[in-house]
Amino acid sequence: MTASVIPLLKPTRLLYVMIALPVVGILAFTTLRPIQVLPRITLAPGFSLVDQNGARLTNEDLRGRIVLYNFTYANCGGACPQTSAVMRALQNRLGEIDAGEIPVALVTISFDPERDTPERLRAYATQVGADATRWRIATGDATRLKYALGGGFNLYYAPNPDDTFTFDPLFVLVDGWGIVRAYYKTATPATDRLLRDLRLIVDEARNSAGAARYAYEAAHVFLCSPP
Amino acid sequence: MILLGAAVLLVGRWLTPHTFHGAILQSPLPAQDFSLMSHVGQRVALSDLRGKIVLLYFGYTICPDVCPTTLAELAQARKLLGRDADQVQVLMITVDPERDTIPVLADYVVHFSSTFLGLRGTPDETAQVATYYGIYYEKHDSDSALGYLVDHTATVMVIDRNGYLRLVFPFGTPAEDMASDLQYLLRK
Amino acid sequence: MRLTVFCVLMGVLVLAACATATPTPTLAPAPKIAVEGMWGRPSPKIAQAGAFYMVIRNTGAAADKLTAARSSACTTVELHESYQMSNGTMGMRPVTGGTIEIPANGQVELKVGGLHIMCIDKKVEFNNGVKLPLTLVFAKSGEINVQVEIREQGM
C-alpha cells in the first residue's frame, strides 16, 4: 500500500507532511494532556429508600447528579462524628465547584433501618448539620439494603448484640450515569481530595458534548487517571 | 490521488481509537455471578457463558413499547455482526416474575430471536440481581386494563468474554451503534 | 303595492343573506386532521398488548383532541405514554387526562419511547405484513378510520 502511495507525493509535499506531522502531534498532546479522568469502576446499585423527610429516594432520582455516599447508623459513636464532619465540610464547600447544571448531592445511608425511622434520621440530620437540599439521609428495607450496600457498594457491616454495628468506613463517588468513580476506604478522606475528584467528574460531564467527548472517551480507553 | 485519499482514510481509521457509543467501564473485578431459571427449563448462570459476550437486559412482557423496541434492536445488532453473532448471548431478566412465568417468557423472547434467553428468578433473586446491576424497578398501579405497570431502568449491560462488565448502553441506542461497539470488543 | 311587497321581500332576503353571510368570517375555526405513517411492531403471541405509532397532523386553525380509539383487533384500546424518568429508567402510564391534544396547525407524533396507542388483549396475531383496522375518535373531527401496518421499525 505505502509503495503505491509514496510516488504520488512530490518531494516538496512529502517535506511539508514530515514537518507537519510532529507539529500536529505535539499540539494534540498538549491539548489532550490536561484531560484526566477517574476510572469508571462499576455500576452503582439500584435502591429505593426513604429519607429524613419521609420522601422516597431512589438511585434513579439521583441519575444526572454526582453523588458522594457514606454509610453509618444514627446511634454511631467512635469515629462517626469525624466522618460526618467530612461530609459537612464538603457540603459547605460545594459552592467552590460551581456545578451549575450538573448538581452534586450528598447521601448518607443508614444500615440500621430497625431503629432509624425518618424521625430519628431527621434528628440525626440536625445533629450533623445536614442541609436537606444538598445532603439526604436515608434507609430502607433490611434485605434490600443488604443487596445494595453489601452486594452493590461492597460495604462490610454486621450488627453486634449491643445494638451497635461493626463496619468498615467507606465513601463512594458515583457519577450522573450511575457509575462508581472512586472508593475511599477511610473514615476521614481529605476534603480537598474529594473536591478535586468531584471537579474532575463535573468537568467531564460538562465537556461530554461535542468534540471534547472524543478526547474524554480516548482518555477512558487509555485511562489517564490522576495520581 | 484517490488511492492516496483511501490510504489516508485507512491509516486514519487505524490510528484513531474506537469511539464507544456506550459508556465504557474499567471494572477491576468480574461482574457478580447469578444463576436463574431460563425459559428452556434449565438454570443458566452468567459464569456458564464465559467465552461469549453477554448483553443483559431487564424488562417484562407486558411492557409493549420500550421492551420490544430494545429487544428488536438487540436482535438487529446481533444480525449486523454476521457470523460473529454466535459469540453474543442476549439475556432478558424479567422484573415482573409474578406474571412472567416460564411459558410466557419462552414465547416472548423467542419471538425476537431463537437464540435469546429469558430468565426468571424468585422475587428475592430478582431483587438481588437487579440491585447489583444498578437496575431500579418498581410496580405502580394504573387505570389501565393491563393492571399494574413496572417502571424499570432500561439500559443494556455488556459483559465481555472474561465476565467483566464493559459497557452500558442507554435506552434508544441504535442497533448499528451497539454492533459497532460489540465488533470492537470481539476483535480484542 | 306589489312593488312595496317586492321591495320588502327583497330587503328581507338581503337581510337574511346578510344574516347568514356576516358570521362567516367569525365562524369558529375548525381543525383539519390527517393521520399518516401508522405502524406497529410484530409482537409475540403471548404478549398481551401491542403498541401503534403514527403521526397526527392538524392543518386546521383550531386544536382538536384524540379522546379514544378502538379496533376489532383489540379487546381494549388505551392512549399511553412512555416517559423517561431519567437517563435510563422508562415508565409507562395512560396519558394524563385521558386525551392527546392535537394543536392547531401542528402535529403530534406517536412514537417509540413516547406517546402511543395501546392495543390490549390482542384478538389477532401481530404478524409481519398484517393490516389492522383502527378507529380514532377526535373531540371535534369525529371518527377517523385508518389501517395500521404491522412491520419492523424503520422499513
Side-chain angles (χ1 to χ4, degrees), chain B residues 23 39 58-73 75-76 95 99-101 103-112 116 118 133-157 168-176, chain C residues 39-53 68-71 74-98 109-123 125-128 148 150-155:
Chain B
H39 80 260
F58 291 79
Y60 67 115
T61 68
I62 288 176
C63 151
D65 179 38
V66 170
C67 306
T69 300
T70 304
L71 290 170
E73 291 287 334
Q76 179 60 19
V95 289
R99 291 183 293 185
D100 289 345
T101 58
V104 169
L105 260 184
D107 186 275
Y108 187 80
V109 296
V110 166
H111 166 83
F112 299 96
F116 285 11
Y133 287 95
I135 304 294
Y136 155 83
Y137 66 105
E138 200 146 295
K139 277 189 210 175
H140 70 87
D141 292 326
S142 77
D143 306 332
S144 170
L146 289 171
Y148 67 85
L149 298 168
V150 186
D151 291 340
H152 62 97
T153 307
T155 47
V156 173
M157 269 74 60
V168 180
F169 293 120
F171 169 72
T173 305
E176 295 74 25
Chain C
W39 74 284
R41 197 185 298 280
S43 62
K45 195 176 167 186
I46 199 93
Q48 207 182 333
F52 296 149
Y53 309 102
R70 58 174 192 272
S71 169
C74 330
T75 309
T76 313
V77 180
E78 294 178 359
L79 309 179
H80 275 236
E81 69 181 321
S82 294
Y83 53 98
Q84 193 138 8
M85 297 167 70
S86 59
N87 265 332
T89 301
M90 300 298 295
M92 191 179 73
R93 62 188 165 212
V95 293
T96 328
E109 199 179 343
L110 275 58
K111 59 174 186 213
V112 170
L115 290 166
H116 52 271
I117 291 174
M118 177 91 89
C119 171
I120 299 171
D121 290 329
K122 302 179 298 184
K123 291 183 192 165
E125 286 191 41
F126 281 29
N127 292 330
N128 213 353
V148 180
I150 300 301
R151 57 168 171 83
E152 291 299 339
Q153 192 172 8
M155 282 172 70

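Across all non-hydrogen atoms, the minimal contact from K45(C) to D107(B) is N-OD1, 3.5 Å.
Heavy atoms closer than 4.5 Å to chain C are found in the side chain of F112(B), but not in its backbone. With a 4.5 angstrom heavy-atom cutoff, L149(B) touches chain C only via side-chain atoms. Looking at Q76(B), there are no atoms closer than 4.5 Å to chain C (heavy atoms on both sides), in backbone or side chain.
In this structure, OG1 on T69(B) lies 6.0 Å from CD on Q153(C), to the nearest 0.5 angstrom. Note: L146(B) CG to H80(C) NE2 = 5.5 Å, rounded to the nearest 0.5 Å.
In terms of non-hydrogen atom pairs under 4.5 Å with chain C, the most contact-rich of I62(B), V109(B), D65(B) is D65(B). Note on T75(C), D121(C), V112(C): by heavy-atom pairs under 4.5 Å with chain B, the leading option is V112(C). When each of A145(B), S144(B), G172(B) is scored by its heavy-atom pairs under 4.5 Å with chain C, the top score falls to S144(B). Ranked by heavy-atom pairs shorter than 4.5 Å toward chain B, the options G40(C), A47(C), S43(C) are led by S43(C).
A side-chain donor-acceptor contact under 3.5 Å links H111(B) to the backbone of P42(C).
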